[in-house]
Structures are given as structure tokens and as C-alpha cells.
Novice: 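Sharing a structure, written as C-alpha cells. Questions coming.
Just so you know, residue 1 is the first one in the sequence shown, and it goes up from there.
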Amino acid sequence: MSMSSAIPTAGTSPARRLSLAGVLRLRRPSEIWFKPALSSVAAVAPPNLLLLALGRLDLAMYTMAGSLCALYAHNRPYAARARTLAWVVLGMLGGVAVALVTASLTRNAVVLVTVGALLAAVQKALCDATRVGPPGNVVLTFISSAALFVPQTLGQVPGHLALAAAAGAWAWLVGMAPAPVRPHGPERRATAQALNAAAAYAVASRGTGEGGTGGGGTGQGDAHPAARAAGYAAVQAAWQTLLALPATGARATTRHALERLVVRAEVALAAPADTDPERLRAWAHALRGGGRIPRTGDAPADTDELLGVDAELAARPAPLWQRLGPLTPIAVRTALGCALAGYASLALGIGRPYWALVTAAALYQANVTLTWSRAVQRVVGNLAGVLLFAAIAPLAHLGQALLVLCCLALNFGAEALITRNYWLGSVCVTPMALLVTEFAGYQAPGDLMTERAVDTLVGALVGFLAAVVVTNRRAGNRVEQAVTAADRARERAARLLAEPAPAPGALEAARRGLAAALTDLRATAEGAAGEWWGRALPQERVVLAEQAGHRTLAEAVRRQATRPDRGASTRTEDVRP
């Protein structure tokens with residue numbers, strides 16, 4: 001398959017993109033699937049059990065608002081995780097505060113739905129712009145939307161916010177708890193994933209006899225664009241993780257050791273035919289646990305490579321307002337879809353329109369095609385979850401203690417399964433949400449099941465229609481910009497390659513900049529290809545830019561390969577977690 005075939009043509013009909021193939025397929029679980037699952041239980045259990053002992057389970061909604069913040073930032077180094085979790089807790093408190101104050105001032109359901117839709121749009125835009133996730137905006141929207149429909153008085157708001165803040169502080173502690181035991185775990189995992197992804201691409205390229213340094217596996221007949229894109233995405237994720245670490249001090253020593261391994265993953269992606277996949281996998285395996293970090297045996301070249309990292313550190317990220325601009329169509333879709341879903345639920349006489357609102361909010365992905373896939377997953381998972389609720393409700397109704405324990409078990413199951421596929425996690429999320437509504441008192445299971453099923457269908461249908469109606473015509477412009485950025489990055493690297501002796505670190509910084517630009521180009525092109533009604537994409541320019549860019553990356557690898565003392569070693573540095 002040529003690379004160009006990875007991008008659907010502009011003439012592909014929407015009907016052909018409404019495919020069900022692979023939408024429900026299960027993936028391999030996340031390497032750390034158990035950590036968010038255990039963290040969720042550890043964050044939710046103590047507040048709920050304390051409220052159970054006090055006979056005030058009706059307040060559990062507020063403590064769960066804070067507890068669910070423990071789901072975030074598990075892939076970030078602990079210093080960055082501390083900041084991210086703090087912002088998530090503050091964002092959660094802000095959304096809950098707006099919801100509770102609104103609920104205390106009005107009981108007009110239309111107003112409540114409108115406020116909920118606007119909050120959902122803001123949460124979606126901010127989470128996407130700051131890349132807070134998974135689980136992104138969905139949990140925050142679920143919390144704030146549910147709070148809108150709980151009767152309040154202004155006098156109760158401070159106490160309820162205090163409960164949420166206390167649970168949020170506990171969630172922060174739960175999220176940071178592994179730091180003393182394995183302080184370098186997140187960055188070691190990110191590096192290992194980059195090495196494994198590069199090894200997978202090297203194996204795939206060899207299977208078709210492609211990928212030599214002469215072309216870097218980027219020729220017109222590259223049969224594995226998906227594997228290569230996954231490799232570069234993993235490498236970029238590893239760089240983002242490592243660049244979040246301190247540049248000086250004890251942690252910097254570990255960071256520099258891991259940076260050398262990520263550089264080797266980049267080299268492997270650029271020249272897969274000259275790569276030993278088993279050596280990459282051996283390095284990745286050695287990063288598990290708390291053993292020493294493998295050495296690459298490339299010390300002379302590493303000096304320039306790490307100087308290149310320092311140059312990259314000097315580059316500041318784009319301001320938040322610039323990152324929010326391209327997300328405007330997604331935010332408008334979210335606001336419109338959530339509002340219309342809530343209004344439709346109200347028109348049907350259902351008492352919990354926030355279920356339809358949250359369903360719509362959960363659908364919106366990078367483009368309409370991905371939104372369709374998420375809609376199918378949401379409907380299947382929620383309807384299966386309703387059936388699961390019917391099976392466990394009799395047990396949960398035997399006592400409030402069993403009700404709490406069932407919720408904790410479902411909480412664990414949701415986080416453990418959702419990395420396999422979104423719909424599978426929803427099978428546990430749905431009955432958990434239904435049981436939470438019964439903390440203030442048992443309700444008729446039949447009514448709950450009917451309302452949840454109807455709200456799911458209404459939210460998915462109306463939410464998806466909003467995604468179709470609100471077009472993202474600027475997607476094509478962003479592809480043009482991404483192509484231009486990739487071309488400029490390639491030209492910069494090519495100029496340095498033409499020099500007999502580039503400045504120390506300059507070539508490495510240029511190579512990483514080119515890799516980042518190509519990764520962004522691939523993501524932008526794929527996102528735009530999933531939009532409907534847009535203008536034709538510059539597919540030929542995308543393919544040519546990728547081919548030329550990867551050839552330049554391979555040339556940079558050849559330049560490095562001529563440096564003296566570049567060997568292959570599996571020795572380890574005396575750097576421990």
C-alpha cells in the first residue's frame with residue numbers, strides 16, 4: 001500500500017466512511033492499565049466509605065468529583081504530574097462551582113442544559129489544547145453536568161465545594177504516591193515504548209525488503225506507513241516526557257541516559273534496514289523495573305545529540321490562545337451537540353437530560369469519521385452496561401455497603417478495560433453511573449434503565465448530527481501549513497547536512513525538529529482526511545513532503561554513522577531510579 005492510500009481522497013463519500021469495520025475490535029491492554037484502575041479505587045474508596053459510616057452517602061457525588069481527578073496524568077513524570085493534577089483539580093472545582101451556583105439560582109432545565117453545554121465546550125477545548133488526557137474532558141463534563149441537576153442553595157455551595165476540594169487533594173496524593181518507590185517510572189516507560197515501536201517498524205520494513213538508509217523506508221512503495229507513524233508518535237511522546245524533566249540535578253542524569261536511547265529509536269526509524277530490532281527490544285526490556293539504564297555505546301556522538309536536546313528545550317511552546325484557535329470548530333460542535341441533545345431529552349420528558357448531554361460530549365474526536373466510531377462504541381457500551389446494571393442491581397440493593405462495593409468494583413473494571421476499547425470500558429461505566437444516582441436513595445431499576453438507554457441513543461444521534469452540520473473547513477488550511485512547516489524543517493536539516501562541520505548540536509536539533517514536523521504533518525493530514533464537506537486536500541504535497549523528509553532523516557543517520565567510535569553495546573550506566 002502506498003503512503004498516499006493512507007489518506008482518504010476528498011471524493012470519498014460520507015456513506016463509505018460510516019464503516020463498522022474494526023470499531024469494536026479489542027486492542028492489547030495498556031502496559032500500565034492497572035495503575036489508573038488502582039488509583040481510581042484508592043481515590044474513591046476512602047471518601048465513600050467515610051460517608052457510608054457517617055450515613056451521608058447522598059454527599060458522595062461531591063467527593064467523587066474530586067476523587068476522579070486521580071484518573072489523569074499517569075503517563076507524565078512526577079514533577080509534571082504534580083502540576084497537571086493540581087490544574088485538573090482546580091479545573092474540576094471551577095466547573096463544579098459554576099454548576100452549583102447555577103443550580104442554586106435557577107431550576108429552569110433549559111438554562112441548566114445551556115450552561116452545561118457551554119461548560120462542556122470550554123472543557124473540551126482546554127483539555128485538547130493542553131493535551132490533558134486521557135480521559136480528557138469527559139470526566140470533567142460528567143461531573144459538572146451532574147452537579148447542575150442537583151438541587152442547591154447558595155449557602156450549601158461552599159460546603160459542597162469543600163468536599164470536592166478535599167477529595168481532590170486526596171486524589172493528588174494518590175496520583176503522586178508511586179513517586180518514592182519508582183521515581184523515574186513514567187519516563188522509563190515512555191522510552192521503552194519508543195524503542196519497541198521503532199523495533200516493530202524495523203521488523204515490518206525488513207519483511208518487505210525495504211527501509212535501507214538510502215531511502216529510510218520512505219519510498220513510493222512503503223508498505224508500512226502506519227507502523228512508521230506509530231513509531232514517530234511514540235518517539236515524540238518520549239521526547240515530550242523527557243523534556244518535562246529538570247535539566248539539572250540528579251534527575252537530569254537519568255534524563256540524559258534515557259535521551260540517548262530515544263535518539264537510537266529515532267535512528268532506527270530513519271534507517272530500519274540498518275537496525276537490530278532485538279537490541280532495541282533488549283534495551284526496552286532493561287528499562288522495566290528498577291535496573292540500570294542501558295548504554296548505547298555512542299558517547300562521542302551523544303555530546304552533540306544532547307546539545308541538540310538543550311537547543312530544543314530553549315524553544316517555547318505556542319501560547320494557549322494560539323493552540324485554542326484551531327479547536328474552535330470542535331468547541332462549537334461540542335456546545336451545539338450537547339445543547340441540542342439535552343433539549344431533545346427534555347422534550348422527551350426524561351428527568352436526567354445531562355446523560356444525553358454527556359453522551360454527546362463524549363463523542364467528539366479529531367474529525368467526523370472518528371466521531372462516528374466513538375458514537376458506535378458509546379452506544380454499544382452503554383446499552384451493554386444497562387444490561388449489566390439489570391444483573392447487579394438486585395445485589396447492590398441488599399445494602400448501602402454492597403452498593404458502594406459494587407461501584408468500586410465497576411470503577412476498577414472501567415479503567416482496566418477502557419484501554420482495550422472505549423466500548424468495553426463503557427460497559428462498566430454505565431452501571432456505575434446508575435448506581436451512583438442511588439446513593440441518595442434506591443430507585444426503580446426499570447425507570448433508570450429506560451432513561452439511560454433513551455438518553456444514550458438521543459445523545460449519540462443528535463451529537464453526531466451536530467458534528468456533521470458544523471464543518472471544519474479550516475482543516476485543509478492546517479494541512480497546507482503543516483506541509484510548509486515540514487518543508488522548512490527539511491530544508492534547515494538539508495542545509496546543515498551540506499556543511500562540512502555543522503555547529504555542535506545543530507544537526508541533532510534540526511533532525512528532531514524535522515521528525516516533530518513530520519509527526520505533526522501525519523496527524524494533521526489524518527485528522528483532516530476524516531472531515532466531510534471540506535475542500536480537497538493537497539494529498540500529493542503531503543506524500544512528497546513525507547518522502548523527502550524521511551529521506552533527509554535517513555541522510556542525517558548516514559552522516560552520524562560515519563562518525564568515529566559509534567558502536568553497538570548493551571552495557572548499562574550506573575543510573576538507578
Novice: Looking at residues at least two apart in the chain, or sitting in another chain, which of them share a side chain to side chain donor-acceptor pair (under 3.5 Å) with T275?
Specialist: none
Novice: Please identify each residue that fulfils side chain to side chain donor-acceptor pair (under 3.5 Å) with R378, with sequence neighbours left out.
Specialist: Y422
Novice: Hey, is the main chain of G463 close enough, under 3.5 Å, to the side chain of Y364 for a donor-acceptor pair?
Specialist: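 At least one qualifying donor-acceptor pair exists.
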Novice: Please collect all salt bridge (Lys or Arg N to Asp or Glu O under 4.0 Å) contacts where either partner lies in residues 120-134, sequence neighbours excluded, each pair once.
Specialist: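 Counting only pairs at least two positions apart or across chains, the salt bridge (Lys or Arg N to Asp or Glu O under 4.0 Å) contacts touching residues 120-134 are K124-D128.
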Novice: What residues, two or more places apart in sequence or in another chain, satisfy side chain to side chain contact (heavy atoms under 4.5 Å, CB included) together with L26?
Specialist: R420, N421, W423, L424
Novice: Who passes side chain to side chain contact (heavy atoms under 4.5 Å, CB included) against A80, sequence neighbours left out?
Specialist: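 For A80, the residues satisfying side chain to side chain contact (heavy atoms under 4.5 Å, CB included) (neighbours in sequence not counted) are R76, P77, R83, A244.
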Novice: I'd like to check the side chain to side chain donor-acceptor pair (under 3.5 Å) partners of R281; sequence neighbours left out, ordered by chain and number.
Specialist: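 Expected list: E278.
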Novice: Quick one: side chain to side chain contact (heavy atoms under 4.5 Å, CB included) partners of A82, sequence neighbours excluded?
Specialist: W172, M176
Novice: Using the test side chain to side chain donor-acceptor pair (under 3.5 Å), find all partners of Q123 that sit at least two apart in sequence or belong to another chain.
Specialist: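 Checked Q123 against side chain to side chain donor-acceptor pair (under 3.5 Å); matches are T141, S144.
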Novice: Enter the distance from I293:CD1 to E259:CD here, rounded to the nearest 0.5 Å.
Specialist: 10.5 Å
Novice: Show me the pairs that pass salt bridge (Lys or Arg N to Asp or Glu O under 4.0 Å) and involve residues 364-377, at least two apart or across chains.
Specialist: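 Counting only pairs at least two positions apart or across chains, no salt bridge (Lys or Arg N to Asp or Glu O under 4.0 Å) contact touches residues 364-377.
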Novice: Output all residues satisfying side chain to side chain contact (heavy atoms under 4.5 Å, CB included) with A198, sequence neighbours left out; order by chain, then residue number.
Specialist: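 With neighbours one apart ignored, the set is A265, A268, L269, L280.
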Novice: Write down the atom of V23, the atom of Q377, and the distance for their closest heavy-atom approach.
Specialist: O-NE2, 2.9 Å
